[in-house]
Amino acid sequence: MAEEIWTAVDRYIGEKLLPPDPALEEALRANVAAELPAIDVSPTHGKLLHLLAKIQGARKILEIGTLGGYSTIWLARALPPDGKIVSLEVQPKHARIAAANIAQAGLSSLVEIRTGPALHSLEKLAAEGAGPFDFVFIDADKENNAAYLEWGLRLSRPGTIVICDNVVRNGTVVDANTADAKTQGVQRFFDKLASDARIDATAVQTVGLKGYDGFAIGLVR
Ligand code: SAH
Ligand code: DHB
Ligand code: MG
């Protein structure tokens with residue numbers, strides 16, 4: 001019952017507030033055709049990311065975890081014409097599909113996808129003097145969330161917004177004895193958020209088309 005009503009309400013909100021969007025719909029179709037896992041953010045959550053990046057006035061965005069570029073498209077659309085989003089992806093196939101999806105959305109000039117393990121790409125970005133980024137979206141392998149937060153902080157400035165996806169994981173985040181490595185990664189991420197003086201954060205639980213999960217939202221001091 002609960003899950004049915006969340007799904008219906010998420011669909012209702014989408015139908016009311018998100019007009020038909022051929023580029024995003026085509027990206028999801030291409031992801032299915034390429035057999036990518038359907039773990040993109042939902043439409044209403046993609047729009048939330050888009051609005052937050054716009055509210056921020058973000059000109060430079062860092063995304064960790066591209067998949068097929070669904071969230072990348074939402075975020076890139078928040079950028080001004082001279083803005084940029086750098087998105088990090090370990091799987092060459094995902095990066096290739098994402099690049100095609102972003103091209104058909106007309107956003108290639110705003111997006112740079114870097115293929116390879118994100119920890120390596122982040123080190124390289126820092127060495128290049130990239131950043132500071134105005135907005136950071138962490139959505140890759142949950143085991144490395146705490147390390148991604150550290151890199152996000154190093155590549156940020158006071159006022160940068162940091163968002164991390166999937167921090168509730170069907171509620172398993174509260175299980176101190178969990179054997180699940182992803183949940184443990186999320187717990188280490190919360191420990192770092194709690195103890196790192198460089199960021200001020202909260203987290204919100206979400207329900208909807210993608211089940212029960214949540215976002216962490218932080219502001220760099
Ligand atoms: N942000 C996307 C979903 C990302 S799914 C969206 O909402 O549309 C997580 C992605 O992180 C997957 O494509 C996976 O291949 C990638 N990933 C996993 N481990 C990674 C790593 N070590 N470095 C970079 N990307 C990684
Ligand atoms: C997983 C990853 C995600 O980014 C997501 O939104 C949902 C699930 C996963 O690795 O299981
Ligand atoms: Mg996610």
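Every number for a ligand or one of its atoms is a count from 1 in the order of the listing.
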As an exercise, identify every atom of ligand 1 less than 4.0 angstrom from a heavy atom of [X].
X	result
Val41	6 (C), 7 (O)
Pro117	23 (N)
Tyr148	21 (C), 22 (N), 23 (N)
Gln91	15 (O)

Of the listed options (Leu49, Leu67, Asp139), which comes nearest to atom 9 (C) of ligand 1 when hydrogens are ignored and any heavy atom counts?
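Going through Leu49, Leu67, Asp139 one by one, Asp139 has the nearest heavy atom to atom 9 (C) of ligand 1.
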How long is the gap from [atom1] on [X] to [atom2] on [Y], to the nearest 0.5 Å?
X	Y	atom1	atom2	answer
Leu48	Ile163	CG	CD1	7.0 Å
Glu143	Arg188	CD	CZ	8.0 Å
Tyr70	Asp40	OH	CG	7.5 Å
Arg114	Lys124	CZ	NZ	5.0 Å
Leu125	Arg154	CG	CZ	13.0 Å

Closer than 2.8 Å to the Mg ion (ligand 3), which protein N, O or S atoms?
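Sorted hits: Asp139 OD1, Asp165 OD2, Asn166 OD1.
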So, are [X] and [Y] salt-bridged, with charged N and O less than 4.0 Å apart?
X	Y	value
Lys210	Asp10	no
Lys60	Asp82	no
Glu150	Lys192	yes
Lys182	Asp141	no
Glu112	Lys84	yes
Glu15	Arg11	no

Which protein non-hydrogen atom lies closest to [atom], naming both residue and atom, and how far is it?
atom	result
atom 5 (S) of ligand 1	Ile39 CD1, 3.5 Å
atom 23 (N) of ligand 1	Ala118 N, 2.8 Å
atom 8 (O) of ligand 1	Ser71 N, 3.1 Å
atom 15 (O) of ligand 1	Glu89 OE2, 2.6 Å
atom 21 (C) of ligand 1	Asp141 OD1, 3.5 Å

For ligand 1, is any non-hydrogen atom under 4.0 Å from His94's backbone (N, CA, C, O), its side chain (CB onward), both, or neither?
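It is the side chain that touches ligand 1; the backbone stays farther off.
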Part of Asn144 with heavy atoms under 4.0 Å of ligand 1, whether side chain, backbone, both or neither:
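Looking at Asn144 and ligand 1, no heavy atom falls under 4.0 Å.
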Determine, step by step, whether Leu119 and Trp151 satisfy the side-chain contact (heavy atoms from CB on, under 4.5 Å) criterion, reporting the C-alpha distance in whole Å, the side-chain angles of both residues, the deciding distance to 0.1 Å, and the verdict.
CA-CA 8 Å; Leu119 287 176; Trp151 279 112; 3.9 Å; yes
Kindly confirm or rule out an N or O of Val90 lying under 3.5 angstrom from an N or O of ligand 1.
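Yes, since at least one N or O of Val90 sits under 3.5 Å from an N or O of ligand 1.
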Looking only at distance, does Gly69 have an N or O less than 3.5 Å from an N or O of ligand 1?
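N/O-N/O distance below 3.5 Å does not exist for this pair.
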Sequence-distant partners of His94, ring-ring contact (aromatic ring centres under 6.0 Å, His included), two or more places apart
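So His94 forms no ring-ring contact (aromatic ring centres under 6.0 Å, His included) with any residue.
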Nitrogen or oxygen contacts under 3.5 Å, ligand 2 side and protein side:
residue: ligand 2; atom: 4 (O); partner: Asp139; partner atom: OD1; Å: 2.6
residue: ligand 2; atom: 4 (O); partner: Lys142; partner atom: NZ; Å: 3.1
residue: ligand 2; atom: 4 (O); partner: Asn166; partner atom: OD1; Å: 2.8
residue: ligand 2; atom: 6 (O); partner: Ile39; partner atom: O; Å: 3.2
residue: ligand 2; atom: 6 (O); partner: Asp165; partner atom: OD2; Å: 3.3
residue: ligand 2; atom: 6 (O); partner: Asn166; partner atom: OD1; Å: 3.0
residue: ligand 2; atom: 6 (O); partner: Asn166; partner atom: ND2; Å: 2.8
residue: ligand 2; atom: 10 (O); partner: Lys182; partner atom: NZ; Å: 2.7
residue: ligand 2; atom: 11 (O); partner: Lys182; partner atom: NZ; Å: 3.1

List, one per line, each side-chain donor-acceptor pair under 3.5 Å for residues 201-208, sequence neighbours excluded.
residue: Gln205; atom: OE1; partner: Tyr212; partner atom: OH; Å: 2.3
residue: Thr206; atom: OG1; partner: Asp213; partner atom: O; Å: 3.2
residue: Thr206; atom: OG1; partner: Gly214; partner atom: N; Å: 3.4

side-chain contact (heavy atoms from CB on, under 4.5 Å) between Leu122 and Leu88: does it pass, once the steps are laid out?
CA-CA 8 Å; Leu122 288 161; Leu88 311 181; 3.7 Å; yes
Side chains of Thr72 and Glu63 only: does a donor on one sit below 3.5 Å from an acceptor on the other?
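Yes, because at least one side-chain N or O of Thr72 sits under 3.5 Å from a partner of the opposite role on Glu63.
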